[in-house]
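What follows is a single structure, written as structure tokens, with notes after it.
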Amino acid sequence: MPLSTQTEDGNDQYILVASLDNVRNLSNILKAIHFRDHATCFATTNGIKVTVENAKCLQANAFIQAGIFQEFIVQEESVTFRINLTVLLDCLTIFGSTPLPGTSTALRMCYQGYGYPLILFLEEGGVVTACKINTQEPEDTLDFDFCSTNVINKIILQSEGLREAFAELDMTSEVLQITMSPEKPYFRYKISLLKPSTKALALSCKVSIRTDNRGFLSLQYMIKNEDGQICFVEYYCCPDEDVSDSEP
């Protein structure tokens, strides 16, 4: 692959280097959390977490493990930056979202550090394109403090069943009540907040649904990429504030 030799001599100047033979393994996961323009990226030796938030009520996290990449180098304990996710996805699909049969777009992603752009080298069919995307000051992300010891309901199911259920919902309604136990409490969630998670649901093979004692909802989706590797996307959602505990 031309990208493997094109920039490796300059690896020392970058604090983050990641390479993929098939960029769709990254772009599909990022599309599953793309409901706002901007995202915060956290990179450690374990991989990359990309976080998108909305109005302090909804958070989506995409976890891309280091093993998904053919090359993954992080020179510091952690690397954090904010980026325009819409622009990033446009660059990742610059050769088209659907490659020709038997072909794929290779990616080499490099980041030099605070104040520097994220550099993408993309190659398909011998043609190499370089993109530079300005990074921004990372903002503090929400801590939903979703602790497993506070989980009161948990269901793991095949995604197909949940997709069928969502397909029958009236998405023009304001709220959705989720009942997972014959005992209270029951919680309702704004459908407008749950709607973005259907992108991840469409790609997933399994889903874990959890609620904690505060009514916070966790939807964790297991997604297999085209090479059979596993990634996870998780959505956290606050309950509808207008609903009291006394409601049936």
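Excluded from the calculations below are hydrogen atoms, water molecules and symmetry mates; all remaining heavy atoms, backbone and side chain alike, are included. Starting from 1, each residue takes its place in the sequence as its number.
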Are L193 and N54 close enough, and set up right, to give a side chain to side chain contact (heavy atoms under 4.5 Å, CB included), and what steps lead you there?
-> CA-CA 8 Å; L193 295 178; N54 181 20; 4.3 Å; yes

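Connection of I83 to L20 is established within a shared hydrophobic cluster, with ILVMFWY side chains joined at heavy-atom distances below 4.5 Å, either directly or through further cluster members. Both L157 and L176 belong to a single network of hydrophobic side chains, linked directly or stepwise wherever heavy atoms of I, L, V, M, F, W or Y lie under 4.5 Å apart. When the side chains of ILVMFWY residues are joined at heavy-atom separations under 4.5 Å, either directly or via intervening members, F42 and I64 end up in two distinct hydrophobic clusters.
Contact between P196 and L58 at its shortest, heavy atoms only, is CG-CD2, 4.1 Å.
In this structure, the side chains of E137 and F81 stay at 4.5 Å or more apart for every pair of heavy atoms. Counting heavy atoms from C-beta on, the side chains of P117 and I133 never come closer than 4.5 Å. No side-chain heavy atom of I119 sits under 4.5 Å from any side-chain heavy atom of C131. Considering only heavy atoms from C-beta on, L107 stays 4.5 Å or farther from F121 through its side chain. A heavy-atom distance below 4.5 Å is found between the side chains of T141 and E53. Put simply, the side chain of I152 does not reach to within 4.5 Å of the side chain of D212, judged on heavy atoms.
Listed for the S104 side chain is a donor-acceptor partner under 3.5 Å among the backbone atoms of D21. One N or O on the side chain of K199 and one on the backbone of H34 form a donor-acceptor pair closer than 3.5 Å.
Through direct or indirect side-chain contacts shorter than 4.5 Å among Ile, Leu, Val, Met, Phe, Trp and Tyr, V151 is connected to L142, F144, F146, F216, Y236.
Counting only N and O atoms by type, the side chains of Q59 and N61 include a donor and acceptor under 3.5 Å apart.
For the pair K49 and F63, the cation does not sit on the ring face, since its NZ or CZ is not both under 6.0 Å from the ring centre and inside 45° of the axis.
Residues R108 and E123 are not paired through a salt bridge, judged by the lack of any N-O separation under 4.0 Å between the basic side chain and the carboxylate. By the 4.0 Å N-to-carboxylate-O rule, D240 lies close enough to K190 to be salt-bridged with it.
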Let me check something: any side-chain donor-acceptor pairs from residues 218-229 under 3.5 Å, sequence neighbours excluded? List them with distances.
| unit_1 | atom_1 | unit_2 | atom_2 | d |
| --- | --- | --- | --- | --- |
| S218 | OG | R210 | NH2 | 3.2 |
| S218 | OG | E234 | OE2 | 2.9 |
| N225 | OD1 | D227 | N | 2.9 |
| N225 | OD1 | G228 | N | 3.1 |
| N225 | OD1 | Q229 | N | 2.9 |
| N225 | ND2 | Q229 | OE1 | 3.0 |
| E226 | OE1 | N22 | ND2 | 2.8 |
| E226 | OE2 | R24 | NE | 2.5 |
| E226 | OE2 | R24 | NH2 | 2.7 |
| D227 | OD2 | N25 | ND2 | 2.8 |
| Q229 | NE2 | G67 | O | 3.4 |

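The distance from atom CG of N134 to atom OH of Y116, rounded to the nearest 0.5 Å, is 13.5 Å.
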